[in-house]
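In what follows, a single structure is set out as structure tokens and then discussed.
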Amino acid sequence: TDFHETILPHKKVTSQKAEFLNAKNRRKTNNTATRSSFWLGGGSYLLWDVNSDSVEELVINGDSILSMKDGKSYKYFDFASTGIIPGGFRPCQGNVFEIWTEDWGDNRYYFYQADAEGVTFLTGLSRSVKTGQWYRNDEAGNKTEITAAEAETIRDTYPNIDFDWTPLK
């Protein structure tokens with residue numbers, strides 16, 4: 001049985017997505033040091049139309065978002081491009097999504113606007129685990145101190161959408 005038939009038995013999967021999923025499985029077994037959804041994301045995925053183009057993207061938690069264009073699979077967004085080790089992905093209202101992590105002494109929350117061709121960084125937040133101080137982060141990683149109330153207001157600007165991850169089996 002192909003790997004995609006095991007994890008996606010209820011969805012039709014194109015051959016391009018199937019090839020990607022099989023490659024991910026090989027990467028998992030061949031290179032345990034590779035940062036991937038099998039390690040950080042708890043081995044889960046989500047099919048969700050990230051940018052409202054009527055094509056469900058394959059979101060592999062902790063790793064990347066894949067989409068289809070002209071019958072070919074491509075990497076729509078790579079979580080590694082955020083510059084942080086992501087702990088997860090949360091869809092938000094208005095074609096926005098959040099990449100978050102609670103590692104390395106900081107809790108970080110980065111928000112991105114999705115469109116047909118890619119994503120745009122909106123804003124980032126971080127909170128020092130040691131001091132509790134909140135910061136607003138720009139795309140270059142520069143931090144500006146803000147209050148907890150300001151951080152809450154920013155996070156409330158991008159309400160999360162309820163969803164369920166499907167575990168990889």
Side-chain angles (χ1 to χ4, degrees), residues 3-4 6-8 10-11 13 17 20-21 23-25 27-29 31-52 55-67 73-115 118-130 132-141 143 146 148 151-169:
F3 180 62
H4 74 278
T6 305
I7 66 166
L8 300 171
H10 62 286
K11 290 282 186 178
V13 179
K17 282 187 181 178
F20 172 80
L21 291 170
K24 289 299 254 187
N25 190 37
R27 186 172 87 179
K28 172 195 162 226
T29 57
N31 184 358
T32 56
T34 301
R35 193 191 100 291
S36 75
S37 62
F38 299 93
W39 174 47
L40 286 175
S44 56
Y45 73 94
L46 170 70
L47 292 172
W48 180 61
D49 186 3
V50 174
N51 53 16
S52 295
V55 174
E56 285 186 323
E57 279 72 33
L58 174 62
V59 181
I60 300 179
N61 199 15
D63 191 72
S64 58
I65 302 172
L66 297 179
S67 191
S73 175
Y74 70 98
K75 192 174 278 193
Y76 178 80
F77 182 76
D78 184 357
F79 291 11
S81 68
T82 64
I84 62 172
I85 297 176
F89 167 94
R90 291 185 194 114
C92 303
Q93 294 176 4
N95 296 344
V96 172
F97 62 88
E98 176 183 9
I99 301 295
W100 61 273
T101 187
E102 294 179 345
D103 290 328
W104 302 85
D106 283 333
N107 297 336
R108 298 180 193 191
Y109 312 92
Y110 285 50
F111 297 92
Y112 296 86
Q113 178 73 54
D115 62 36
V119 302
T120 303
F121 177 84
L122 296 173
T123 192
L125 297 172
S126 60
R127 186 182 67 81
S128 169
V129 172
K130 186 183 253 184
Q133 177 61 54
W134 280 94
Y135 301 91
R136 187 170 198 158
N137 303 52
D138 64 19
E139 195 168 15
K143 295 180 177 182
I146 61 173
E152 185 175 339
T153 298
I154 292 167
R155 290 192 76 197
D156 288 347
T157 302
Y158 310 108
N160 293 140
I161 295 172
D162 291 333
F163 68 97
D164 292 316
W165 288 106
T166 302
L168 295 170
K169 298 177 183 175

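All values below come from the heavy atoms of this structure, side chains included, with hydrogens, waters and symmetry mates left out. Numbering of residues begins at 1 and proceeds along the displayed sequence.
- Not counting sequence neighbours, the partners of E139 by the side chain to side chain contact (heavy atoms under 4.5 Å, CB included) test are F121.
- The heavy-atom pair separating L125 from W134 by the smallest distance is CB-CZ3, 4.1 Å.
- Side-chain contact between Y76 and V119: present, with at least one pair of heavy atoms (C-beta onward) separated by less than 4.5 Å.
- Between K143 and S126 the shortest heavy-atom distance is CE-OG, 3.8 Å.
- Evaluation of the side-chain hydrogen bond (donor to acceptor under 3.5 Å, both in side chains) rule for S128 yields T131 as partners, not counting sequence neighbours.
- Within the 4.5 Å cutoff, side-chain heavy atoms of I99 are placed close to those of F89.
- Annotation: side chain of F97 is not in contact with side chain of V59 (no heavy-atom distance under 4.5 Å).
- In this structure, CG on N107 lies 4.5 Å from CZ on R127, to the nearest 0.5 angstrom.
- Taking CG of N137 as the reference point, atom CD1 of I146 lies at 8.5 Å (rounded to 0.5 Å).
- By the side chain to side chain contact (heavy atoms under 4.5 Å, CB included) test, T123 pairs with F111, R136, I154, Y158, sequence neighbours left out.
- Scored by the side chain to side chain contact (heavy atoms under 4.5 Å, CB included) test, R90 finds E98, W100, Y109, R155, N160 as partners (sequence neighbours excluded).
- Of all the heavy atoms in P91 and L46, the pair that sits closest is CG-CD2, 4.4 Å.
- Side-chain atoms of Q113 come within 3.5 Å of backbone atoms of G94 as a donor-acceptor pair (strictly under, hydrogens ignored).
- Using a 4.5 Å heavy-atom cutoff, the side chains of I65 and K75 are not in contact.
- Counting heavy atoms from C-beta outward, F163 and W48 have side chains that stay 4.5 Å or more apart.
- To the nearest 0.5 angstrom, W165 atom CH2 is 9.5 Å from I60 atom CD1.
- Within a 6.0 Å radius of CG in D164, other residues, nucleotides and ligands contribute 12 heavy atoms or fewer.
- Between E57 and L47 there is no side-chain heavy-atom pair separated by less than 4.5 Å.
- Nearest approach of P167 to Y45, heavy atoms of both residues: O-CE2, 4.4 Å.
- In terms of heavy-atom proximity, A140 sits nearest to D138 at N-OD1, 3.0 Å.
- Annotation for S67 and V55: closest pair OG-CG1, 4.2 Å, computed over non-hydrogen atoms.
- D115 meets the side-chain hydrogen bond (donor to acceptor under 3.5 Å, both in side chains) test with no other residue; sequence neighbours excluded.
- Every residue two or more places apart in sequence or in another chain was checked for a side-chain hydrogen bond (donor to acceptor under 3.5 Å, both in side chains) with T153, and none qualifies.
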